[in-house]
Visitor: 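Pasting a structure here, questions to come.
These figures come from a predicted structure and were not determined experimentally. Atoms within a ligand are numbered from 1 in the order they appear, just like the ligands themselves.
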Amino acid sequence: MRIQVRVPATIANLGPGFDAMGLAVALYNEIEAEPAPALEVALEGEGADVLPRDVTNRVVRSAAALFEQAGMMLPPMRLRCCNRIPLMSGLGSSAAAAVGGLALAAAWLGRRGSWGDLLELATALEGHPDNVAPALLGGLTLVTRNEEGWIAARVPTIPMRVALALPAVQVSTEMARCLLPAQFPLSDVVAQIGHVALLVHAFREGDWGLLGRAMRDRVHEPYRAGLIPGYERAVQAARAAGAAAVCISGSGPALAAFAPEGHEAIAAAMAAAFEEAGFPARTWVADVEPEGVQVEVEPDPDLR
Ligand code: HSE
């Protein structure tokens, strides 16, 4: 048996949807798994020089957690992880690892179909539902919690591309959360609720003017912008190049810009602004990813 998993990067928050909204984009980590005499982890791409190759690897830990939930030990396996989502970038690399490990374990255990039921465990393992839910479900995903657990829903959007720029600075999500106030005035809360509601409508309709006005945040971006050198310049450069809306992706430092066209030029403009601020940046232009984590299982030849 050989299992192949493909899991997308995610842009959490999208401005005002702090901890409650995320968008999957077509930048993928891929994992291949097959039975082996002992655990072997091969790493390629992003983080290959720093990520662990043993049981502490996040993909392995997540897979082990699902086996444990099923009352079993993780079987020995050979894993090959080809990572394209940069670490500590705000693009959901930890969530991708957690979701990837869970999806591969689910497939190994013979589960098929939708992966939505992995949301509870994925969030318990990774902590950020607004990355985990779109990585599982794809597209624009809304998520919140009540006394019964996590609730997530995927919202259709028009087909869209996103311009991403990642300056060469690392931001720890933990630190970026410590900067946020514990309480906000009611006027901020009310404005935030209205902006989120309009933002969802704008994504659904592809209303770029509304997207630009609705993607304004009062809860985290004002406090986190200072962690991203060249933030103001990069946002202005993106707008000048035709972006309708720009947000910090997750807790940063990547910025995501939304526009009907001109994505390459917008990404280049953001990179030039970061460069001027003394921080070279990498860029991507990616489609919105509509499906979430994908798994293929190749059975043993003699079982076919
Ligand atoms: N909503 C989380 C935060 C996402 O902004 O802290 C982390 O990727």
Visitor: Does NZ or CZ of R84 come closer than 6.0 Å to the centre of the six-membered ring of Y28, within 45° of the ring's axis?
Guide: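 No, R84 does not lie over the aromatic ring of Y28.
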Visitor: In Å, rounded to the nearest 0.5 Å, how long is the span from CG of L211 to CZ of F203?
Guide: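 Rounded to the nearest 0.5 Å, the CG-CZ separation comes out at 5.0 Å.
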Visitor: Mark up the atoms of ligand 1 that fall under 4.0 Å of a heavy atom belonging to T173, in ascending order.
Guide: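 It comes down to these atoms of ligand 1: 6 (O), 7 (C).
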Visitor: Measuring from atom CZ of R224 to atom CG of N13, what distance do you get when rounded to the nearest 0.5 angstrom?
Guide: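 Reported value, rounded in 0.5 Å steps: 6.0 Å.
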Visitor: Report the part of R224 in contact with ligand 1, treating N, CA, C, O as backbone and CB onward as side chain, heavy atoms under 4.0 Å; options are side chain, backbone, both, neither.
Guide: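 Near ligand 1, R224 shows its side chain, while the N, CA, C and O stay back.
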Visitor: Within the side chain of S172, is there an N or O that forms a donor-acceptor pair under 3.5 Å with the backbone of M175?
Guide: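 It does hold such a pair.
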Visitor: Which is closest to atom 1 (N) of ligand 1 in terms of heavy atoms, V132, D19, L180, N131?
Guide: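 Minimum heavy-atom distance to atom 1 (N) of ligand 1 goes to D19.
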Visitor: Where does R177 meet ligand 1, judged by heavy-atom distances below 4.0 Å: at the side chain, the backbone, both, or neither?
Guide: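 Side chain only; the backbone of R177 stays clear of ligand 1.
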